Structures are given as structure tokens and as C-alpha cells.
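The structure appears below as C-alpha cells.
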Amino acid sequence: MASIYSKMICHDILSASNGQNLLILGGFYPEKEADHFKDYATVLLFGPAEPNFWMKFKSTPEFNDNLPNPLDRWSKRVITELASLFSAQAFFPFGTRPHLPFYKWALKTGKIFESPTKLLVHEKLGLFVSIRGAIAFKEKFPLPKAVDSPCLNCSAPCLTSCPVEAFKNGTYGVGKCKEHLLKKDSSKCQSESCAARRNCPLSMRIGRDKAQSTFHMEAFLR
């Protein structure tokens with residue numbers, strides 16, 4: 001049974017992340033991840049709280065200072081500040097080489113899964129899931145119960161929506177994708193988001209701002 005103390009920690013983390021327009025995407029206990037999480041007992045992954053994230057992000061200093069990588073810089077500032085509130089450690093899927101294994105960590109949560117396209121899919125956000133960082137906590141506290149992958153009973157429109165079959169044969173043809181975006185872009189992938197992602201039934205419910213999708217696609221093409 002979870003202690004009163006651990007329940008208070010969970011409440012405080014949830015409240016603090018909501019205040020920064022962040023969503024807890026899932027978490028795991030890192031017993032076998034000592035290389036990265038020595039002395040830490042619980043890891044949480046964080047992403048944008050949709051569908052209002054973009055509207056709020058546009059008012060941040062990082063979005064308005066005209067410097068490169070505004071979303072990464074915002075993520076690092078906000079998640080580092082959040083970690084410091086709990087004497088915890090922040091980790092990011094950018095800025096280090098080699099990149100940290102966020103894909104593997106996401107699959108440990110029981111909330112994020114490998115989709116038929118091999119892109120990550122979240123139980124609620126679908127293929128619009130975006131992991132902005134992780135925080136490792138010294139305390140061990142209860143995590144949400146794992147769920148089944150939303151792809152189990154899905155007709156997988158993500159596999160058939162791509163206009164250039166970039167996900168054919170279980171691989172991601174990045175070259176095909178970029179060539180399409182830079183030429184005719186018949187499916188409006190750049191202005192409305194990747195056709196495979198936006199045709200995920202879960203993604204369709206999110207109502208994500210199209211400008212946010214355009215931002216990500218432009219970053220992908222750099």
C-alpha cells in the first residue's frame with residue numbers, strides 16, 4: 001500500500017507539471033537501468049499537455065526570442081526546474097551524443113507502445129505523443145497501471161495513409177518522407193502534420209494546433 005508520503009509526492013508532481021503545461025506520459029521503476037539512474041527509484045516521462053499546449057507555448061520567452069531550438073530550450077528549462085523542486089534529476093532526448101534510449105524507456109511505461117509504423121504511440125495521444133524529457137526521483141511511488149496497446153484492435157490506418165509508403169516493410173524511409181515534403185506534398189504533411197500520425201484514431205481526437213505540427217515538420221526538414 002502506498003504511504004501517505006508517497007501519495008503526497010505524486011500529488012505535488014502532478015500539480016507542478018500541470019502548472020507548466022506538461023503531461024505525465026507514464027513512468028517506470030529503473031531497477032535494471034543503473035547506468036543512468038543510480039540512486040533513483042522512479043522515472044517519469046513528460047510531454048506537452050494537449051490540446052492547449054501550443055497556445056501557451058507561444059507566450060514563452062523561448063518562442064519569442066528568435067533563437068534556435070525554442071522547444072528544446074523551453075523543455076530543458078522547465079523540466080530542469082521541475083526536477084529541482086523534488087531534488088531529482090532531469091534527462092532529455094536531445095543535446096547529448098549518443099542520444100539517451102528514450103524509445104526503450106517509453107516502452108517500459110506500459111502507457112506508450114511501438115505502433116505498426118515503429119513510431120511510438122501513446123494510450124491517449126496516439127501518434128502525436130512527444131516526449132520532451134524525463135525526471136528520475138529518489139523516492140519510489142505508485143505508477144498508473146499498465147494498459148494494452150491501443151494498436152491491438154486498430155485497423156492501422158497509419159500504415160496506409162502515407163502517400164509515399166515511407167513505412168513499408170516495417171522500416172521508416174526517411175528519404176522518401178523528406179523528398180515528398182520538399183516537392184508536391186500532396187497530403188499536406190508539412191502544414192497539417194504527417195499523414196500517418198494524424199490518421200491515427202487516437203491522434204484525431206487530440207485537436208492539436210496545426211501550427212504546432214508545421215513547427216515540428218519544419219524542424220524535421222532542417
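The first residue of the sequence shown is numbered 1, and numbering continues consecutively from there. Quick caveat, the model's predicted, so the values are computed rather than measured.
When the salt bridge (Lys or Arg N to Asp or Glu O under 4.0 Å) test is applied to E123, the partners found at least two apart in sequence or on another chain are K111. For the side-chain contact (heavy atoms from CB on, under 4.5 Å) test, no residue two or more places apart in sequence or in another chain qualifies with S84. Take A16 and apply the side-chain contact (heavy atoms from CB on, under 4.5 Å) test, not counting sequence neighbours, and it matches L82, L85, F86. Listed by chain and number, the residues in a salt bridge (Lys or Arg N to Asp or Glu O under 4.0 Å) with D65 are R73 (sequence neighbours excluded). For A83, the side-chain contact (heavy atoms from CB on, under 4.5 Å) test picks out A88, A90, I135, with sequence neighbours left out. Taking K176 as the reference, nothing meets the salt bridge (Lys or Arg N to Asp or Glu O under 4.0 Å) condition, with sequence neighbours excluded. Listed by chain and residue number, F57, W74 satisfy the ring pair (Phe, Tyr, Trp, His ring centres under 6.0 Å) test with F53 (two or more places apart in sequence, or in another chain). Listed by chain and residue number, R132 satisfy the side chain to side chain donor-acceptor pair (under 3.5 Å) test with D72 (two or more places apart in sequence, or in another chain).
Both V174 and L127 belong to a common hydrophobic cluster when Ile, Leu, Val, Met, Phe, Trp and Tyr are linked at side-chain heavy-atom distances under 4.5 angstrom.
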Side-chain donor-acceptor contacts of residues 213-222 below 3.5 Å, not counting sequence neighbours, with atom names and distances?
residue: S213; atom: OG; partner: R208; partner atom: NE; Å: 3.4
residue: S213; atom: OG; partner: R208; partner atom: NH2; Å: 3.0
residue: T214; atom: OG1; partner: Q190; partner atom: O; Å: 3.4
residue: T214; atom: OG1; partner: S191; partner atom: O; Å: 3.1
residue: T214; atom: OG1; partner: K210; partner atom: O; Å: 3.1

Listing, residues 39-52 side-chain donor-acceptor contacts under 3.5 Å, not counting sequence neighbours, or none:
residue: T42; atom: OG1; partner: E139; partner atom: O; Å: 2.8
residue: T42; atom: OG1; partner: F141; partner atom: N; Å: 3.3
residue: E50; atom: OE2; partner: Q212; partner atom: NE2; Å: 3.0

Throw together a table of side-chain donor-acceptor distances under 3.5 angstrom for residues 145-160, partners on residues two or more places apart or in other chains.
residue: S149; atom: OG; partner: C151; partner atom: N; Å: 3.1
residue: T160; atom: OG1; partner: P157; partner atom: O; Å: 3.3

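Residue pairs meeting the ring-ring contact (aromatic ring centres under 6.0 Å, His included) criterion with at least one member in residues 164-208, sequence neighbours excluded: F167-Y172.
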